[in-house]
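Just the heavy atoms: all of them, side chains too, but no hydrogens, waters or symmetry mates, feed the values below. No experiment lies behind these values; they were computed from the predicted model shown. Chain letters run A, B, ... following the sequence lines, proteins first, then strands; residues in each count from 1.
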Amino acid sequence: MEPTCRKDKVKLNSTPTRGDRAKQKSAQQELKQRQRAEIYALNKVMTELEQQQFEAFCKQMQSQGE
Amino acid sequence: MTGPNATSTCSPAAKMGRHRSKSTSGSTYCNSSPGAESATLSTPNNAGRSSGEEDEKDGGVLFYVNRTGFPIEGVTWERMWTHVAKVHPDGQDMVSKIRNAAYLPKHPVPSVPNFKPSMSVPAWLLAIQNYMKALQYNHTGTQFFEIRKTRPLCGLMETAREMIRESLPIKCLEAVILGIYLTNGLTSVERFPISFKTQFSGNHFHHVVLGVYCNGRYGTLGMSRRQDLMDKALTFRTLSELVMEFEDSYRRYQHTLKKVKIGLYVPHDPHVFQPIEWKYLVLNAARLGREDMRKELEKHGRDMRMKILKSSSAQSPIKERTRGKSLSPHRRQSSPQRRHIHRRDKSPAALDRKPAELSTLNDGYQIRI
């Protein structure tokens, strides 16, 4: 094949370029950061729920004891 | 702490003797019912089960395990939110509030403690414990790091590094692995796992902490929902004093201690291929008298200090077994090293009455550890 033809040939290779990989990595990092923020927001809510339930249980036990 | 178990690992008829306990897969920090929900299943109603996966339970409540790394993939992520929506009274509203928030505060990444030669051992242990507390106890219902207890130590240390890298909430088993990693190299400190099986309101609960021994004193590192069931200062003169302290703490939460399992010292070399010995000594607290338990713990403590105990896996490496695979005939034989000791059950009737009374007092709330 002539070199000029090779240049015009559509690139069928789908191997990600270095730039693509960097973008993917950056996107993954952002996703991880967002997930972490959501996890800690959720953990705060669930910790409070557990605390409330525990305190309610203790009060119930106390009043039953009385 | 994690879940109840449906079946016991030890034969109830076993008396004092030495035999190998059935192995449970690591991330179950509890014995689990057969079958599993895999993070890779695409439909929640999929009845198929992947082999080796197990249901996880925490006081009768299912909890899930992230087995696919970070960022957390879609199925596991959605499953976490579905679970909390069912558990929380505000349900989907609570979930939407968080997931749709344009801005969420960034939880600071705690600094990994840095050991300095000038630090005393108690100060170092405190720094480690404070680091774990800064990660927070994981109340989400999804465990973010998979811990297989039968994995080689080097593999578990890799998971510890991941915990530090990802900086997310952890539970008791993860805290033990992290504690081992952060105390590696401090050769004056010996580390060994202490596992508890307790009963509350008809359910069984499992918990584990990292026992530490230094200069004639015992203490623990760990994470729990309850402040007095995790770290203990290096002030206990004997192993039995330490375990009794935990028993007393459990009693405050109306948990009855059923079993205590003490492991062996964990090597300081993080590259060791040997797995952790989690249950070298198994004490059936329901049947042993307090005095008998004390004697056994004292003996084990002495033997550990004299370093005369050897893990069975040190002689023949344990292969990681997934659920459903039977043990080879050789492995079914009693290991001469393992010790199972039972405490005489002094008041079975009282124990039988308690669960019914407790379960009628509340709307199904379980004091989980």
| Taking only residues two or more places apart in sequence, or in another chain, which ones meet A/V45 in a side-chain contact (heavy atoms from CB on, under 4.5 Å)? | B/H88, B/M94, B/I98
| field | Top of A/R36, A/Q53, A/M46, A/K32 for chain B proximity - count of heavy-atom pairs under 4.5 angstrom | value | A/R36
| note | Ranking A/Q28, A/Q35, A/Q51 by heavy-atom pairs under 4.5 Å to chain B gives rank one to A/Q35
| field | Residue B/S167 versus chain A: region with a heavy atom under 4.5 Å | value | both
| For B/F63, is the NZ or CZ atom of B/K171 found under 6.0 angstrom from the centre of its six-membered ring and inside 45 degrees of the ring axis? | yes
| message | Taking salt bridge (charged side-chain N to carboxylate O under 4.0 Å, His left out) as the definition, give me every residue that meets it alongside B/K97, ordered by chain and number, with sequence neighbours left out. | response | none
| remark: The interface call for A/L42 against chain B, heavy-atom contacts under 4.5 Å, is both
| Which atoms of B/D90 approach chain A - backbone, side chain, both or neither, heavy atom under 4.5 Å | neither
| Looking at B/Y253, is B/R226 sitting on its ring face, NZ or CZ under 6.0 Å from the six-membered ring centre and within 45 degrees of the normal? | yes
| query | Say you draw a straight line from CG of B/L156 to CZ of B/F145; how long is it, rounded to the nearest 0.5 Å? | reply | 13.5 Å
